[in-house]
Amino acid sequence: MIDPKILRQSAHDVAKNLARRGYKFDANLYLQLETQRKSLQVENEELKNKRNINSKSIGVTKSKNEDISKLIQIGEEINDLLSGNERELNLVLSQIKNIELDLPNLLSDKVPDGTSEKNNIVLKSWGKPREFGFMPQDHVSLGDRLGLFDFESAGRISGSRFAIIKGPLASLHRALIQFMLNLHTQEHDYEEIYAPYLVQSQALIGTSQLPKFESDLFKIAGDKPLYLIPTAEVPLTNLVGSNVAKESELPFKYVAHTPCFRSEAGSYGKDTKGLIRQHQFEKVELVQIVKPKESEEALSSLTSHAENVLQELQLPYQLVSLCAGDIGFGANITYDLEVWLPGQQAFREISSCSLYGDFQARRMQAKWKNEETGKNEFLHTINGSGLAAGRTLVAVMENYQDADGSIHIPEVLIPYMNGKELIN
RNA sequence: GGAGAGGUGGCAGAGUGGUCGAAUGCACUGGUCUUGAAAACCAGCAAGGGUUUGUAGCCCUUCGAGGGUUCGAAUCCCUCCCUCUCCGCCA
């Protein structure tokens with residue numbers, strides 16, 4: 001949610017900023033609703049004030065054993081006026097709220113212009129794609145040849161976009177997750193969290209997947225609806241919701257491994273083969289919750305922590321700044337890490353690191369006590385994948401393949417594989 | 001799942017229809033005293049929102065959440081959530 005004060009004071013500037021995303025914010029309509037809200041709310045509070053004064057004098061009059069019938073009548077009249085006013089006020093307030101919840105976050109000035117991923121800007125490249133003396137295969141044929149993928153059974157059991165991974169490849173997948181968790185907890189000072197995979201709608205509103213993107217989520221039937229988390233960002237960030245953190249506790253740095261569940265209704269037809277786009281995948285997620293002043297620094301540290309995973313695994317990648325048209329709904333700025341996939345001869349997203357500013361904190365009422373000002377202020381939230389485990393498995397398979405289709409275990413993972421060095 | 005008890009300010013804890021946003025204690029902040037500290041004493045000390053040039057003033061809201069009754073609700077009624085104790089079930 002964008003700060004309502006900013007919306008009121010500079011609605012047209014906001015509209016200009018959001019237009020960079022291709023979002024059309026009707027500033028005039030908003031300001032018109034705001035004008036109505038203001039006069040209705042002032043009227044509302046004046047009436048309540050009158051009622052409070054009247055009711056108090058009834059108490060005083062009654063205690064003197066004097067007649068109160070006239071005062072009660074006044075009270076009733078005030079309530080008549082109030083109920084009409086309240087109906088109008090609530091209507092306007094809900095219209096304003098709907099507009100505000102629909103509004104994406106303001107973009108940082110650093111975000112490049114552009115309408116699609118073609119306009120994203122590569123800021124940095126790390127590592128050199130390996131020279132193969134043969135035609136590198138993609139992970140699907142590698143896995144099939146090894147007999148360690150079973151998409152057919154997965155389809156029969158669960159449907160399309162589910163995977164079954166077997167034997168040493170499943171172990172490698174698990175090893176990647178263990179390796180990432182250890183790296184982040186031991187080298188990068190994150191606190192490991194085990195968190196629920198099912199969450200209430202309120203938590204998803206907090207991190208801004210709801211109300212707008214319900215179709216991307218899996219919803220569990222029941223009296224009180226629960227949703228499968230699309231990312232550990234949801235439970236991790238909500239850890240600080242409805243709370244006022246002490247300054248001395250900050251920053252919070254959380255890491256969690258969870259499965260992620262995405263309905264991805266809009267993406268059918270893309271990446272239908274293999275592990276790239278699944279309804280269920282594993283991810284190690286990094287979240288930092290910091291003072292506003294420290295948030296840009298936190299984003300670059302978090303991004304470098306995700307990069308470290310790729311560097312330790314010796315996987316070539318590039319760091320990309322997402323352009324205005326490609327950036328996520330709640331993000332102020334986003335850096336993607338794209339790993340080199342020899343089988344596709346392309347860089348593919350493997351991590352997305354975003355600064356949300358106070359956008360999520362405002363929705364979930366996550367605050368900190370600023371000792372300097374003595375005030376409770378909104379925190380800033382940052383999250384990023386560190387990394388998506390399924391896609392990392394893909395990258396390891398394709399980058400570490402041999403001419404005969406066997407796969408070398410990256411050096412840092414060998415201890416996690418009981419000393420195994422080769423899958424064949 | 002069943003039975004019972006309870007959810008009030010940072011914490012503890014009073015308050016069962018009327019000047020209650022809420023006694024009291026602790027904690028915290030400032031002051032007096034003191035060489036300094038402690039003690040004692042004095043004072044202050046919730047959050048959100050509206051109005052506003054305003055971290056001034058005034059006003060509104062908030063006693064687990066949401067509804068309701070009433071001129072007036074922490075207090076009465078309904079629904080839900082959570083915590084504790086006992087029983088049942090269970091990895």
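Note that the structure is predicted; figures quoted are calculated from it, not measured. Protein chains get the first letters and strands the later ones, always in sequence-line order, with residue 1 at the start of each.
Using atom C1' as the reference point in both B:G17 and B:C28, the two lie 35 Å apart (nearest Å). Annotation: B:U16 and B:C71 have their P atoms spaced 23 Å apart (nearest Å). Annotation: B:G49 and B:U55 have their C1' atoms spaced 16 Å apart (nearest Å). With C1' as the reference atom, B:U61 and B:A74 are 14 Å apart, rounded to whole Å. For B:A46 and B:U29, the C1' atoms lie 15 Å apart once the distance is rounded to whole Å. Rounded to a whole angstrom, the distance from the P atom of B:C20 to that of B:U24 is 13 Å. Nucleotides B:G9 and B:G25 have their C1' atoms positioned 14 Å apart, rounded to a whole Å.
Nearest nucleotide to the A:Gln41 side chain, out of B:U19, B:A47, B:G50: B:G50. In the set B:G72, B:A47, B:U61, the nucleotide with an atom closest to the side chain of A:Asn52 is B:U61. Checking B:G48, B:G50, B:G72 against every side-chain atom of A:Glu45, the shortest atom distance belongs to B:G50.
A sub-4.0 Å separation between OP1 or OP2 of B:G50 and a side-chain N or O of A:Asn49 is absent. The phosphate of B:U51 (OP1 or OP2) has a side-chain N or O of A:Arg37 nearer than 4.0 angstrom. For A:Lys367, a side-chain nitrogen or oxygen approaches OP1 or OP2 of B:G48 to under 4.0 Å. Using a 4.0 Å cut-off, some side-chain N or O of A:Arg8 falls inside it from OP1 or OP2 of B:G50.
When each of A:Ile58 and A:Lys38 is assigned the nucleotide of RNA chain B bearing its nearest heavy atom, the one mapping closer to the 5' terminus is A:Lys38. Looking at which nucleotide of RNA chain B each of A:Glu377 and A:Leu71 is closest to, the 5′-most match is held by A:Glu377.
A distance of 6.0 Å or more separates the ring centres of A:Phe359 and A:His380. Between A:Tyr30 and A:Phe25, the ring centre distance stays below 6.0 Å.
Both key distances under 3.5 Å define a Watson-Crick or G-U pair, and stretches of 3 or more such consecutive pairs in RNA chain B run B:1-7 with B:81-87, B:10-12 with B:24-26, B:28-32 with B:40-44, B:46-51 with B:57-62, B:64-68 with B:76-80.
Residues A:Asn120 and A:Asp326 have side chains that bring a donor and an acceptor to within less than 3.5 angstrom of each other. Using modelled atom types and a 3.5 Å distance limit, the side chains of A:Glu282 and A:His257 yield a donor-acceptor pair. With 3.5 Å as the limit, one finds no donor-acceptor pair spanning the side chains of A:Arg174 and A:Gln178. Using modelled atom types and a 3.5 Å distance limit, the side chains of A:Gln288 and A:Tyr254 yield no donor-acceptor pair.
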In sequence, state the C-alpha distance, the side-chain angles, and the governing distance for A:Glu214 and A:Lys219, and then conclude on salt bridge (Lys or Arg N to Asp or Glu O under 4.0 Å).
-> CA-CA 8 Å; A:Glu214 183 165 28; A:Lys219 190 175 185 175; 3.2 Å; yes

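No hydrogens or angles were tested; on distance alone, nothing pairs the side chain of A:Lys56 with the base of B:G18 as donor and acceptor under 3.5 Å.
Classification of the A:His139-A:Phe149 ring pair by plane angle, with boundaries at 30° and 60°, yields perpendicular.
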Under 3.5 Å, N/O pairs linking protein and nucleotides 76-83 of chain B:
none

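Nucleic acid contact for A:Asn44: none, since no nucleic acid atom lies under 4.0 Å from a heavy atom of the residue.
Partner A:Glu233 forms a side-chain contact (heavy atoms from CB on, under 4.5 Å) with one of A:Thr237, A:Ile229, A:Leu236 and no other, that one being A:Thr237.
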